[in-house]
Amino acid sequence: MTGFLTAGIIRTALEVGLVYSLVALSLFISYSILNICDLSTDGCYTLGCAVGAVVTIAGHPFLAIFAAMAAGVCSGFVTAFLQTKLGVESILAGIIVNTGLYTVNLAVMGFSSNVSIFGTDTIFTLFGKLSSSKAFASWSKLILLAAIVLVVCLLIRWFLSTTLGLSIRATGDSPAMVRASSINPAFTITVGLCVANAITGLSGCLIAQYNKTCDINLGTGMVTIALASLVIGETLFGKRKMMARILGMVVGSCLYRFIISVALRLNVPTEAFKLVSAVIVAVAIAAPRAKELVAFKHKQLNAIRERKSMQGGR
């Protein structure tokens, strides 16, 4: 396996997996916690990438992170406004915002389909300069991304344990119960979607500074990738404690990237990656049911053997 996947490939898979894990965490909040299918993720991811790239080019790589998150909050607010105030279904609201964000993203990028930030300092280059060690330079991106993702995971865990966070969780379980408790579900949905999209914007900013480029089509299929990571994480970790579920999103995202890395090493055409993603999602979703069927079949066979042995004893 070491010869098949070199250290460089494994490191890159982990780095990209950590960036994608933030989108999976975003989908975890909107889909798993709020029970809302937010299809604006693709456009919001590109928005974070575009804003992050433009602000980074202006010479503010750290400010770019907060700017991208603020842009994500705006995207989440519009999506929530369409749902809670205008009565638009969540799926349609996501599609509408995602469609509108295409033009917004182009405008942010100066109506250019791509923006390059090569030759500009990023948080990764600045962090890599903290030590002259070659080993640190090689692993600095992974270390920084791991630290960022860990902080985000801890903040999400803390937020979901607050009164507001518990209200958001309750909204996903039963909006009627929340409404009966004198809590406005429109407010909790808005806050939840704003937080989720802020994390998506952060992910987009990080990938812009990681790749040192931004493309208008970068976010295409991001919902599928995030869903694959989420399903893999929930399949492996199940409905355990909240922190375990949150870390499961990170593990699921990294595993997804490893599967894609293996596909690359097997010379799978890039045009087939969408199919690979779809297969991964289908297998991950079907895995728990398949496990139950296998267990049931095993019990059934054992019961048949016991019945035959009892009949033979007579």
Side-chain angles (χ1 to χ4, degrees), residues 13-38 40-41 44-45 48 65-66 68-69 72-73 75-76 80 141-174 178 188-207 210 222-259 280-281 284-285 287-288:
L14 283 173
E15 291 168 354
V16 179
L18 287 172
V19 176
Y20 284 176
S21 69
L22 294 173
V23 188
L25 288 169
S26 170
L27 203 65
F28 172 73
I29 294 174
S30 62
Y31 183 74
S32 296
I33 300 298
L34 274 174
N35 197 27
I36 291 176
C37 185
D38 184 11
S40 67
T41 301
C44 184
Y45 181 79
I65 294 175
F66 298 101
M69 293 181 70
V73 169
S75 173
K141 290 183 179 180
L142 181 60
I143 294 171
L144 181 57
L145 285 171
I148 293 173
V149 171
L150 178 60
V151 170
V152 172
C153 289
L154 292 174
L155 287 175
I156 291 174
R157 177 65 186 90
W158 168 80
F159 174 71
L160 292 177
S161 64
T162 62
T163 302
L164 178 57
L166 291 173
S167 299
I168 292 173
R169 293 165 65 177
T171 301
D173 293 333
S174 177
V178 170
T188 54
I189 289 173
T190 301
V191 173
L193 288 180
C194 286
V195 171
N197 282 271
I199 299 173
T200 302
L202 170 62
S203 179
C205 178
L206 290 176
I207 203 66
Y210 180 84
M222 190 53 60
V223 170
T224 305
I225 295 173
L227 180 62
S229 304
L230 184 146
V231 171
I232 292 172
E234 290 195 339
T235 301
L236 293 176
F237 287 78
K239 301 293 184 180
R240 301 183 183 181
K241 292 183 178 180
M242 184 57 66
M243 194 61 197
R245 294 177 65 188
I246 292 172
L247 293 177
M249 301 302 102
V250 180
V251 174
S253 179
C254 291
L255 283 177
Y256 173 84
R257 286 310 307 176
F258 274 118
I259 295 172
I280 293 172
V281 173
I285 293 175

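Given the structure is predicted, the values throughout are model-derived calculations rather than measurements.
Here Asn197 pairs with Asp38 under the side chain to side chain donor-acceptor pair (under 3.5 Å) rule; sequence neighbours left out. Remark: Tyr45 engages no residue in a side chain to side chain donor-acceptor pair (under 3.5 Å) (not counting sequence neighbours).
Considering CG of Asp173 and CD1 of Ile168, their distance stands at 12.5 Å, rounded to 0.5 Å. Taking CD1 of Ile246 as the reference point, atom NZ of Lys241 lies at 13.5 Å (rounded to 0.5 Å). Once rounded to the nearest 0.5 Å, the distance linking SG of Cys205 with CZ of Phe66 reads 10.0 Å. The structure places CD1 of Ile143 at 10.0 Å from CD of Glu15, a figure rounded to the nearest 0.5 Å. Note that NZ of Lys141 is 5.5 Å distant from OH of Tyr210, once rounded to the nearest 0.5 Å. The CD1 atom of Ile232 sits 8.5 Å away from the OH atom of Tyr256 when rounded to the nearest 0.5 Å.
Of all heavy-atom pairs spanning Val23 and Ala226, the tightest one is CG1-CB, 3.7 Å. Taking every heavy atom of both residues into account, Ile207 and Gly204 meet most closely at CG2-O, 3.1 Å.
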Side-chain donor-acceptor contacts of residues 27-37 below 3.5 Å, not counting sequence neighbours, with atom names and distances?
unit_1 : atom_1 : unit_2 : atom_2 : d
Ser30  : OG     : Ser26  : O      : 3.3
Ser30  : OG     : Leu27  : O      : 3.4
Ser32  : OG     : Glu234 : OE2    : 3.0

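Tested against Val19, the residues Leu145, Leu14, Val149 include a single side-chain contact (heavy atoms from CB on, under 4.5 Å) partner, Leu145. Across Val195, Leu25, Val151, a single residue satisfies side-chain contact (heavy atoms from CB on, under 4.5 Å) together with Ile156, and that is Leu25.
At least one side-chain heavy atom of Arg169 sits under 4.5 Å from a side-chain heavy atom of Met242. Put simply, the side chain of Phe237 does not reach to within 4.5 Å of the side chain of Met249, judged on heavy atoms. Residues Met243 and Leu154 meet the side-chain proximity criterion, which asks for heavy atoms closer than 4.5 Å.
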Query raised in the report: Hey, mind stepping through Phe159 and Val191 against side chain to side chain contact (heavy atoms under 4.5 Å, CB included) and telling me if it holds?
Result: CA-CA 11 Å; Phe159 174 71; Val191 173; 4.0 Å; yes
Requested in this report: Show your working on side chain to side chain contact (heavy atoms under 4.5 Å, CB included) between Leu22 and Thr200 and close with a plain yes or no.
Outcome: CA-CA 6 Å; Leu22 294 173; Thr200 302; over 6 Å; no
Requested in this report: Output, in order, the C-alpha distance, side-chain angles, deciding distance and verdict of side chain to side chain contact (heavy atoms under 4.5 Å, CB included) for Leu160 and Leu166.
Outcome: CA-CA 6 Å; Leu160 292 177; Leu166 291 173; over 6 Å; no
Report task. Given side chain to side chain donor-acceptor pair (under 3.5 Å), test Ser253 with Ser21 step by step and report yes or no. Result -> CA-CA 5 Å; Ser253 179; Ser21 69; 4.9 Å; no
Query raised in the report: Passes side chain to side chain contact (heavy atoms under 4.5 Å, CB included), Ile148 versus Leu18? Steps please.
Result: CA-CA 9 Å; Ile148 293 173; Leu18 287 172; over 6 Å; no
